[in-house]
Amino acid sequence: MSEMPKAYDHTAVEGPIFESWLAGGHFAQHPLPGGERPFTVAIPPPNVTGSLHMGHALNNTIQDVVVRRARMSGRPTRWVLGTDHAGIATQNKVEQKLAREGKSRHDLGREAFIEACWEWRREHGSTIIGQLKAMGCSCDYSDEWFTMDPSYQRAVRTVFVDWYQQGLIYRGKRIINWCPRCSTALSDIEVEHDDLEGHLWRFRYPLAEPAADGRDHVVVATTRPETMLGDTCVAVHPADERYRDIVGATVVLPLVGRRIPVVADESVDPAFGTGAVKVTPAHDPNDFEIAERHGCAKVNILNADATISAEGGTYAGLGRYEARRQVVADMEAAGLLLGVETHVHAVGHCYRCHTVVEPWLSDQWFARMAPLAAPAIEAVRDGRVTFHPKRWESVYFHWMDNIRDWCISRQLWWGHRIPVFYCDACGTPPVASMEDLAECAECGGPVRQDEDVLDTWFSSQLWPFATLGWPERTPELAYFYPTAVLSTARDILFLWVARMIMSGMRSVDGKVPFEDVIIHPTVFNAEGKRMSKSLGTGIDPLDLMEHYGADGMRFGLMLQTTGTQDIRFAEERLLSSRNFANKIWNASRFVLMNLDDGFTPGGPEAATAADAWILSRLAGLAARVDEGIVAYEFGDVARSLYEFFWSEFCDWYLELCKPRLFAGTRETASAAERAGRLTAQRNLVFVLDVALRLLHPMMPFITEEIWRRLPLTGQNRAPSLMVAAWPDPTELARFRDNDAERSVSKMLEIVVAVRGVRARYRISPKQGISVVVRTQAETDVQLLDAEFAYLNALAGIDSFVAATDATKPAHSVTVVAGGMEVYVPLEGLVDFDAERARVAKELASAADDLAKAERKLANEGFLAKAAPDVIAKERAKATESADRIAALREQLDELEA
RNA sequence: GGGCGAUUAACUCAGCGGGAGAGUGCCUCCCUUACAAGGAGGAAGCCGGGGGUUCAAAUCCCUCAUCGCCCACCA
């Protein structure tokens, strides 16, 4: 066994440990066994264009924690890995690369461009996989998927054809969100709305002939003046008295000259603006509906790049904002601009490139969502899928209950091409086909395939089952589906999570794709701002791992992960986590360096109160960690582990073991002392072993490195901690010992109190002291006698007298601890003023406690209604406080004498 | 216009019906032979304001304020 360096060096440990896991085959899925319940997790596939950011770091730590616990628990575990082809993102990357060479995708042509995308993926697509490895994620790296794999393509096509044939997919001319930069349609939820300050212009639209009431114009308001070029009617509310006389009149559209009607439509809000709406059916969804109802024309005045089209007459060719300025200027020149005011309104932006999107009338493919949503709503309602935290379910329901059809076609080249074939010759309806068609089945004429590809999310939604071989009915699918848990950020709840539930249930026999959904916190920077690479407000997890180690980063993130709060990233948590790793390292080093050659591990033995205490605490920890991971309470689990290991194991138990360890190693040691040393060694190894197992899911590298050095035998041994047995809380429960916990905490209180005296009076740790203890309980005397070695080791107490009738020595300071009075002789060093102040403060606090307790005990309502154990506790508290007050009063009297 | 979350020590946050906690920072002492990435001791909080429920409220309810997020076709 090699020497352990004095400080933990993660850079020397993580690489080799990871390689050993890989070589050991521990990541690979277990062979399909018989009865055991498998545990499957499908990783949210990162974009091939992606690199690890803090969201990934958090999300993948969470998944690794639950996966590692499951694996150690003996369940056949499979964490499915892969990447998403990310249509828009990847196409953008490749187009940027081409642009640097002065080329566009059109110069290459479709086929060559797609090949260039594949090439890009071969070069850059595995960046993030390497970063997951650096984090220690225990994915099955031998089973990597890509959403454009041939078998995955088959899954996508199968779903498309099924939905198409069942009437769940249709093509139509609708208003969609168009990104002029990406030159594609977007679905409604791919548009991000930002409130921006714009303007509301008021225009005068002249009437062709004066109305019955004599008026000759109508005033409309708009935030997008350029759209007037495409106006085809003006709408007012039917009940709006102001406009009753002009309904049916004709407006002569300024700048354009088109004669358009005034219609009455319920959708108009009379209270907004002027109560009269200019209607641009090709560029506003609401206007589109109005035009449909009234049979108005739909004039599309925008090209794909958001320049004005030929329909815009003299404005054709202008950019949309240029056109806006020009229209306003021309209206003003014509005396038709009545006013302008600033106006804050929500403006849609492309979620990929943040360009302002345009509502645009075009031919697109849509998926009919309501029929798919119904069973998916039911599945969450009846608990087949559970969200954590639960409150996300209402967000899910709200969206699902109001779900709208999904625009699934994209005018891109990189993606799953829509498998629909048209025959232009004979006019047969388009055919969706699993196989590419060469000729028309009706007339034998040539067919052409639809040019569009599918929304990337259309393929992503199949992830949990397409990665198990679906549409083939593979044994893997039968065995590993549904997955156990899906962990993700909330921003893709609708884009991805909801759609997986819908498509999963439809595709795989009505079965949900996962049982639990974890919506984890969003990681913000220290200022509470979204982390963004482009804004420079992000923190790179790779840098963090370099500074704090993968374990330090993981544990630091887990400490910050609670159900209610987003994370305002606190780097000092990573610092304390790295220090925690170092603490684990050194405690382990201490244990190992205090083992003898030929040491044989043995069962733990509660030979002393300290042993019983630490074993009891360990049993409590195991239960808490196990429950906590199952309930996804990561922050609480991390804190429990930290508290146990650092405070209880290191600060107390290791110190409590030192007397036995050192006594038993002397030449002159008695047989009993040698036995005591062996017991301590065995207990230390046992506790360390269990603690490392419990820590492993959160801190896999350091725990593995240390664990391999432990001298374990028999069934405690395993090829790797990764596949060692998870501590069984039920089995460990036999160590629960409330008496030992109480006794030891009394002892520890005395130690702390005496140390306090030492600190106040600057008594060197090297200087031994003798103390006198007075207690009312004979059991306390026995306890102190039995555990004197601890008092000696931890508080430097050389000798003591404990008795129920002990008397206070002269020139001593009194402290009350563990229900006892402890007198520390100070040989005339006592600072009476300081002691008076301290005792008076303690007295006030004790008096406060007593008053509170007495108030409760005097309250009949309390006695009548509070739980018996609460009352008993309150009585004990009162007694304790009273005793304490008596002792403190006595002290104070003496100090004042 | 709806909905959700947050408000606790200087900072970042736990706790969510029965004695106010952690990490970091701060103060004092200590390089004690596992660890100075450490040890020991300590200071520090009307638990956002106001009302209510309850024997009992940081914790449950209502309300207000502030901050943040999501959804929504208001020109």
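Qualifying salt bridge (Lys or Arg N to Asp or Glu O under 4.0 Å) partners for Arg530(A), counting only residues two or more places apart in sequence or in other chains: none. For Ser588(A), the side chain to side chain donor-acceptor pair (under 3.5 Å) test picks out no residue, with sequence neighbours left out. Applying the side-chain contact (heavy atoms from CB on, under 4.5 Å) rule to Asp9(A) yields the partners Thr11(A), Ala12(A); only residues at least two apart in sequence or on another chain are considered. For the side chain to side chain donor-acceptor pair (under 3.5 Å) test, residues two or more places apart in sequence or in another chain that qualify with Tyr653(A) are Asp611(A). Evaluation of the side-chain contact (heavy atoms from CB on, under 4.5 Å) rule for Ala373(A) yields Ile377(A), Met400(A), Ile403(A), Met502(A) as partners, not counting sequence neighbours. Under the rule for a side chain to side chain donor-acceptor pair (under 3.5 Å), Asp491(A) has no partner lying at least two apart in sequence or in another chain. Among residues two or more places apart in sequence or in another chain, the ring-ring contact (aromatic ring centres under 6.0 Å, His included) test is passed with Tyr243(A) by none. With sequence neighbours excluded, the residues satisfying side-chain contact (heavy atoms from CB on, under 4.5 Å) with Glu192(A) are Tyr351(A), His354(A).
Nearest to the side chain of Val870(A), among A34(B), G18(B), C13(B), sits G18(B). Nearest nucleotide to the side chain of Arg762(A), out of G41(B), C13(B), U28(B): U28(B).
The same atom, P, is picked in G41(B) and in G5(B); the two are 41 Å apart, to the nearest Å. To the nearest whole angstrom, the two P atoms, one in C46(B) and one in C29(B), are 29 Å apart. To the nearest whole angstrom, the two C1' atoms, one in G50(B) and one in A58(B), are 16 Å apart. Rounded to whole Å, the separation between the C1' atoms of A14(B) and U24(B) comes to 14 Å. C69(B) and G15(B): their P atoms are spaced 23 Å apart (whole Å). For A43(B) and C55(B), the P atoms lie 37 Å apart once the distance is rounded to whole Å. G49(B) and U7(B) have their C1' atoms separated by 11 Å, given to the nearest Å. Across U59(B) and A6(B), the matching C1' atoms stand 15 Å from one another, rounded to whole Å.
Side-chain polar atoms of Ser187(A) and Glu190(A) form a donor-acceptor pair below 3.5 angstrom.
Residue-level contact check: Leu654(A) touches the bases, meaning some heavy atom is under 4.0 Å from a base atom. Across all strands, Arg758(A) comes closer than 4.0 Å to no nucleic acid atom at all (heavy-atom distances). At a threshold of 4.0 angstrom between heavy atoms, the contacts of Asp651(A) are confined to the sugar-phosphate backbone, with no base atom among them. Among the heavy atoms of the strands, none lies under 4.0 Å from Glu393(A). Among the atoms of the strands shown, none is found under 4.0 Å from any heavy atom of Lys873(A). Among the atoms of the strands shown, base atoms are found under 4.0 Å from some heavy atom of Lys658(A).
His237(A) approaches Val268(A) most closely through the heavy-atom pair CD2-O, 3.1 Å.
Between Glu655(A) atom CD and C35(B) atom P the separation is 11 Å, expressed in whole Å. Put simply, CD1 on Ile519(A) is 15 Å from P on G5(B), counting in whole angstrom units. Here the P atom of nucleotide G18(B) and the CZ atom of Arg855(A) are 18 Å apart, to the nearest Å. One can place CH2 of Trp646(A) at 12 Å from C1' of U24(B), the figure rounded to the nearest angstrom. Rounded to whole angstrom, the span from the NZ atom of Lys6(A) across to the P atom of A37(B) amounts to 10 Å. Atoms CD1 (Ile567(A)) and P (A14(B)) sit 9 Å apart, rounded to a whole Å. Rounding to whole angstrom units, OH of residue Tyr761(A) and C1' of U28(B) are separated by 15 Å. The interatomic distance linking Glu571(A) (CD) with A37(B) (P) rounds to 17 Å, in whole Å.
Each of Ala759(A) and Gly563(A) was matched to the nucleotide of RNA chain B holding its nearest heavy atom; the match closer to the 5' end belongs to Gly563(A). Ranked by how close their nearest RNA chain B nucleotide is to the 5' end, Tyr642(A) and Tyr8(A) are led by Tyr642(A).
Side-chain atoms of Glu655(A) never come within 3.5 Å of backbone atoms of Leu794(A) as a donor-acceptor pair (strictly under, hydrogens ignored).
The shortest distance between the side-chain N/O atoms of Gln565(A) and the OP1/OP2 oxygens of A14(B) is below 4.0 Å.
By the 6.0 Å and 45° rule, Lys658(A) stacks over the aromatic ring of Phe590(A).
Legend: salt bridge (Lys or Arg N to Asp or Glu O under 4.0 Å) pairs involving residues 549-577 of chain A, not counting sequence neighbours, sorted by first then second residue: Asp64(A)-Arg554(A), Arg490(A)-Asp566(A).
Between Trp392(A) and Phe387(A), the distance separating the two ring centers is not shorter than 6.0 angstrom.
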Dot-bracket for RNA chain B, 5' to 3', with Watson-Crick and G-U pairs under 3.5 Å, [ ] for crossing pairs and | for other-strand pairs: what is it?
(((((((..((((....[..)))).(((((.......))))).....(((((..]....))))))))))))....
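On a pure distance criterion of 3.5 Å, no polar donor-acceptor pair joins the side chain of Glu643(A) and the base of A14(B).
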Generate the contact string for nucleotides 54-75 of chain B. Rules: B means base contact, S means sugar-phosphate contact only, - means no protein heavy atom under 4.0 Å.
-B-------------S-SSBBB
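For the segment residues 573-585 of chain A, the set of residues with a heavy atom within less than 4.0 Å of an atom of RNA chain B comprises Arg573(A), Ser576(A), Arg578(A), Asn579(A), Asn582(A), Lys583(A), in numerical order.
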